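One-based numbering, in listed order, for ligands and for the atoms of each. Numbers here simply count residues along the sequence, with the first being 1. On a predicted model such as this, the values are computed, not experimentally measured, just so you know.
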Amino acid sequence: MAAHLCLSQTPCYSFKPSSKQFLCANSSRISCSLEISAAQKNRRPAEEDIRDEARRHNVSQSSGLSAKYVPFNADPTSTEEYSLDDIVYRSRSGGLLDVQHDMEALKRFDGQYWKALFDSRVGKTTWPYGSGVWSKKEWVLPEIDSDDIVSAFEGNSNLFWAERFGKEVLDGMNDLWVKHCGISHTGSFKDLGMTVLVSQVSRLRKMNRAVLGVGCASTGDTSAALSAYCAAAGIPAFVFLPANRISIAQLVQPIANGAVVLSLDTDFDGCMRLIREVTAELPIYLANSLNSLRLEGQKTAAIEILQQFNWEVPDWVIVPGGNLGNIYAFYKGFKMCQELGLVDRMPRLVCAQAANANPLYLYYKSGWKDFTPVKASSTFASAIQIGDPVSIDRAVFALKNCDGIVEEATEEELMDATTLADLSGMFICPHTGVALSALIKLRKSGVIGRTDRTVVVSTAHGLKFTQSKTAYHSKEIEDMACRYANPPVQVNADFGSVMDVLKKKLSPLQ
Ligand SMILES: Cc1ncc(COP(=O)(O)O)c(C=O)c1O
Ligand SMILES: N[C@@H](CCOP(=O)(O)O)C(=O)O
């Protein structure tokens, strides 16, 4: 069982970090890996589940590693800090918080060590490392007990080579990838952050902290993830949704998972204001990305991309932005990999917004001079219909520090891009369409080169957004040409009529 201790588990602190000793550690891990496969031939006893098994193997703490809350982008002389077991979402000055890891402790292990450790965990069922998030536990919540973790083995999502879209829509782009974060437990990238937040809540409740439930404002994906993870852990969930502004598929998710669903006659920004007021008054823990814990999970998607490229850095990563937590999470994931020696540079990030909800784009275009929240109008990319993003400061920091860019997409552009992606074999959400539209523009202007390795982050499953796809293919959208619509053909159920239709379809192909 020593194998579990040193390979699947945590850095062993019994050795010191000289390069020679690292070599020893690494070679001992290799021999351990042989032992582990022999040991795994024996299944765990029938009465044991995978949590029990992890406990028996003592697959648990990352001794010596730690993390805390600090004010986001604080002055280096600041001494303000909080334990992750505190219930705190804002700094004393009212600013954002950030989870700060003990980088010196993490640096006691070199980049090779971390790469080997993370790679060794992919695709296994070992609790909790079978999750793409918890396979990076030491960089996420190093101090949480594995017993407190609430996970659906999220992450490890497909990095899809968008061969046909790249070649045909983008004029021969041959290194284009779509990171399918939405092909996930609840159908969006929010699972990555929610497993971390709900796990911490589970820990706080065991510590008898006053957390009777967890709540969020949502445009549909945060609420779905929160409800599912809370249901899995038996924790009450409360979700505030803008009435008539989210898809039916998204609305039904929290209902089905037993959350208390409040449908409010306001937009997302109004729901966000309300949940902040409510969580300040009641023992309900705030689950929106204002809570920096969420971003610790979301950042693992960036680490996973590097891992999937065998630790090579792509040139560009394009992320659709709404409340703007995710763009910072990606930055943070890439930055940690650079600082800890897993890679030697950063990709350039692009944040893509719907033109109908574009406060970050306007700010960027003003040369970062003038930020004004906007009243977001209706968009098919409904999950990013946000005019007053809580993580604006995080997003600006991220973009400034990686030579980033902000782009926008009109309704027609984003729906056309979504449809073209679907026609090339994907089935994406409109937010991914926003990111692809940004890519199309940046390719056309030559900012992104034909051979640049580019990753587009797909944030939700297309099946949540069938209403907009149906409207497009039925050419029912006012003022939109719906150029790529592919409506079904109504045809009489007799051989002659069917043959007529098929011959017409085949003739241009001959
Ligand atoms: C599907 C989808 N894509 C993109 C986003 C944008 O993410 P963020 O709010 O972190 O900018 C959201 C949520 O806002 C979302 O639900
Ligand atoms: N798209 C989000 C909006 C809220 O974002 P969050 O990351 O702050 O929770 C949603 O699905 O609700």
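For Gln467, there are no side-chain hydrogen bond (donor to acceptor under 3.5 Å, both in side chains) partners, not counting sequence neighbours.
Contacts with ligand 2 closer than 4.0 Å are made by no heavy atom of Asn326, backbone or side chain. Contacts with ligand 2 closer than 4.0 Å are made by side-chain heavy atoms of Asn323 only, the backbone lying farther away. The part of Arg294 lying near ligand 2 is the side chain, judged by heavy-atom distances below 4.0 Å.
In terms of N/O distances under 3.5 Å, ligand 2 is not approached by Ala287. Ligand 2 has no nitrogen or oxygen under 3.5 angstrom from a nitrogen or oxygen of Ser223. Between Asn288 and ligand 2, an N or O atom pair is found at a separation short of 3.5 Å.
With no hydrogens or angles considered, no side-chain donor-acceptor pair links Thr454 and Trp177 at under 3.5 Å. Tyr229 and Asn257 are not linked by any side-chain donor-acceptor pair at a separation below 3.5 angstrom, with hydrogens and angles left out of the test. For the residue pair Glu154 and Ser131, a side-chain donor N or O sits within less than 3.5 Å of a side-chain acceptor on the partner. No hydrogens or angles considered: nothing links the side chains of Asn288 and Tyr89 as a donor-acceptor pair under 3.5 Å. Counted by atom type alone, Glu296 and His101 present one or more donor-acceptor pairs between their side chains at under 3.5 Å. Side chains of Lys464 and Gln253: a donor on one and an acceptor on the other come within 3.5 Å. No hydrogens or angles considered: nothing links the side chains of Asp148 and Ser199 as a donor-acceptor pair under 3.5 Å.
Set against the non-hydrogen atoms of Asp221, the atoms of ligand 2 under 4.0 Å away are 10 (C), 11 (O). When each atom of ligand 2 is checked for a heavy atom of Ile386 under 4.0 Å away, the hits are 3 (C).
Within 6.0 Å of CZ in Arg345 there are more than 12 heavy atoms belonging to other residues, nucleotides or ligands. Other residues, nucleotides and ligands place no more than 12 heavy atoms under 6.0 Å from the CG atom of Asp265.
Ligand 2 lies nowhere less than 4.0 angstrom from a heavy atom belonging to Gly325. Using 4.0 Å as the threshold, Gly220 has a heavy atom nearer than that to some atom of ligand 2.
Partner Asp85 forms a salt bridge (charged side-chain N to carboxylate O under 4.0 Å, His left out) with one of Lys68, Arg209, Arg203 and no other, that one being Arg203.
Classification of Lys332 and Asp98 as a salt-bridged pair holds, one side-chain N sitting under 4.0 Å from a carboxylate O.
At least one cation-pi condition fails for Lys179 and Phe160: the charged atom is not both under 6.0 angstrom from the six-membered ring centre and inside a 45 degree cone around its axis.
If you check which protein heavy atom lies closest to atom 6 (P) of ligand 2, you get Ser289 OG, 3.4 Å. Summary of contacts: the protein heavy atom closest to atom 5 (O) of ligand 2 is Lys190 NZ, 3.4 Å. Of the protein's non-hydrogen atoms, Ser218 OG, 2.5 Å is the one closest to atom 12 (O) of ligand 2. At the shortest separation from atom 1 (N) of ligand 2 among protein heavy atoms lies Thr219 OG1, 2.8 Å. Looking only at heavy atoms of the protein, atom 9 (O) of ligand 2 is closest to Thr222 OG1, 2.7 Å.
Closer than 4.0 angstrom to ligand 1 sit non-hydrogen atoms from Phe189, Lys190, Asp221, Pro320, Gly321, Gly322, Asn323, Leu324, Gly325, Asn326, Ala383, Ile384, His431, Thr459, Ala460.
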